[in-house]
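Ligands are counted one by one from 1 in listed order, and the atoms in each one are counted from 1 as well. Note that these values count all heavy atoms, side chains included, but never hydrogens, waters or copies made by symmetry.
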Amino acid sequence: MKVLVVGGGGREHALCDAIAGSPLCTDLVCAPGNAGIAAVARCESVKPESTDAVVDLAVREKSDLVVVGPEAPLVAGLVDRLRANGIPAFGPTAAAAELEGSKAFMKDLCRRHNVPTARYGRFGDAASARAYAHDLGAPLVVKADGLAAGKGVILCNTLEEADDAIDSVMVRRDFGAAGDRVVVEERLSGPEASFFALVDGERALPLAAAQDYKAVGDGDTGPNTGGMGAFSPTPRVDAATEKRVMDEIIDPVVKGMAAEGRAFTGVLFAGLMLTEDGPKVLEFNVRFGDPECQVLLPRLADDILPVLAAAAEGGIESARLAWQDRAALTVVLAARGYPGAYDKGTVIEGVADAAALDDAAVYHAGTARDAEGNLVAAGGRVLNVTGLGPDLASARERAYAAVDTIRWPEGFCRRDIGAAG
Ligand code: AMP
Ligand code: GLY
């Protein structure tokens with residue numbers, strides 16, 4: 001099977017590693033990939049957002065399966081275009097990717113199919129949004145409708161903050177076109193977890209739950225990022241909770257999307273709040289989480305490739321995935337300054353030694369080679385260092401042992417990933 005993976009972060013490195021290890025994979029190309037992915041796949045410098053160029057590449061490579069990592073090309077319709085060219089693709093069509101691309105769509109779909117989520121209103125003008133916020137009362141949450149790169153969600157403690165947040169989205173247009181519409185919703189409380197399932201349009205195969213760390217600093221301080229670490233499994237989602245999540249959230253969404261002519265294929269990633277009334281959806285993503293993928297795939301005991309193909313082409317009900325009885329934890333190494341301004345081009349040493357440690361793996365996120373062949377930082381989040389072990393504490397110990405093998409004075413990481421369980 002000739003496979004093309006689209007993307008160039010740590011998530012795509014984990015995907016490429018898993019796919020390259022499949023006996024079914026005869027050829028693996030990644031667009032654009034990175035310095036770590038280059039060890040397991042042929043990297044082609046094609047941007048994931050350039051739909052035409054990705055489709056041309058897949059046609060030229062005669063790909064049997066294209067696996068799309070990031071959300072932007074999915075929302076832009078890459079999977080529709082690939083399928084129109086007869087190329088099987090893992091990931092949702094543009095119509096199905098609306099689940100992530102529009103929070104108003106996602107909330108309306110939940111309402112239509114009785115999926116538990118926060119009470120909300122959605123608006124195309126600031127005055128109605130403000131009026132609803134004042135009816136609802138503080139605390140509440142204001143969300144820009146469209147994709148805003150993990151930003152665009154504003155937690156408000158007072159109505160003044162809510163008015164300002166609505167202005168930011170709809171009047172000052174701080175999130176651009178993502179703020180054409182706004183969602184105002186009730187603020188829920190409880191522990192959070194992420195849940196992942198593979199979907200073939202009609203049925204879902206549960207994968208696993210994970211916990212991630214969004215804030216940049218230890219103790220959840222500082223601004224939010226794309227994610228500074230993650231672990232899986234999580235004690236927050238036991239077998240009974242997983243069953244509720246499948247029965248009350250994942251299955252009704254999969255059926256609802258199919259019934260509305262937007263059959264969903266790919267990974268459905270639910271961001272959950274585990275409230276006193278049970279699990280409720282905060283958001284859906286239509287792709288693997290980054291860095292959650294870097295703790296899910298290393299725990300698999302089975303070949304992922306046939307299951308990705310089954311999700312893309314139908315038949316997931318006969319697919320099975322066995323898991324290792326191990327925990328995985330990943331720590332993100334980022335360039336100093338991230339998520340603000342940071343330098344690129346600083347040299348990183350010791351990565352091969354870290355990756356060679358027992359029960360450790362290093363996934364590259366933003367890396368490149370300089371003219372001398374040194375590994376250098378090429379992004380904000382630069383490396384994901386994953387440890388594996390019989391339990392969370394030992395996975396954590398392995399991950400930080402590998403982190404401490406890497407020499408990169410211009411980088412930093414959180415020291416408390418997995419520390420509080
Ligand atoms: P989202 O991108 O929608 O997952 O939101 C990012 C973060 O904002 C979530 O991980 C939660 O911590 C928080 N959040 C989003 N919606 C709500 C809500 N309705 N109530 C409380 N917190 C929320
Ligand atoms: N780590 C959260 C995300 O991938 O959206």
Can you tell me how the ring of Phe90 sits relative to the ring of Phe288, calling it parallel under 30°, perpendicular over 60° and tilted otherwise? parallel
salt_bridge(Asp404, Arg415) N-O dist < 4.0 Å: yes
Can a donor-acceptor pair be found between the side chains of Asn157 and Arg187 at a distance below 3.5 Å? yes
Find all atoms of ligand 1 within a distance of less than 4.0 Å from any non-hydrogen atom belonging to Val141, and give their numbers and elements. 17 (C), 18 (C), 19 (N), 20 (N)
Enumerate the atoms of ligand 1 whose separation from the nearest heavy atom of Lys143 is less than 4.0 angstrom. 3 (O), 15 (C), 16 (N)
Numbering the atoms of ligand 1 from 1, which are under 4.0 Å from a heavy atom of Glu185? 16 (N), 17 (C), 18 (C), 19 (N)
Taking 4.0 angstrom as the limit and counting only heavy atoms of Lys214, give me the atoms of ligand 1 inside it, by number and element. 10 (O)
Residue shell around ligand 2, heavy atom under 4.0 angstrom: Asp212, Gly226, Phe269, Asn285, Arg287, Gly289, Asp290, Pro291, Glu292
Is it true that Arg414 and Asp220 have a side-chain N and a carboxylate O under 4.0 angstrom from each other? yes
Salt-bridge present (Glu283, Lys143; N to O < 4.0 Å): no
Side chain proximity check, Asp180 to Asp145, heavy atoms < 4.5 angstrom: no
Side chain, backbone, both or neither: which applies to Met273 and ligand 1 if a contact is any heavy-atom pair less than 4.0 Å apart? side chain
Could you tabulate the donor-acceptor pairs under 3.5 Å formed by side-chain atoms of residues 270-281, not counting sequence neighbours?
residue: Thr275; atom: OG1; partner: Asp277; partner atom: N; Å: 3.1
residue: Thr275; atom: OG1; partner: Gly278; partner atom: N; Å: 3.3
residue: Thr275; atom: OG1; partner: Gly278; partner atom: O; Å: 2.6

Pair listing, salt bridge (charged side-chain N to carboxylate O under 4.0 Å, His left out) test, anchored in residues 33-51, at least two apart: Asp27-Arg42, Arg42-Glu44, Arg42-Glu61
Residue set satisfying side-chain contact (heavy atoms from CB on, under 4.5 Å) with Ala118, at least two apart, ordered chain then number -> Lys107, Glu185, Glu186, Leu188
Does any N or O of ligand 1 fall below 3.5 Å from an N or O anywhere on Leu188, backbone included? yes
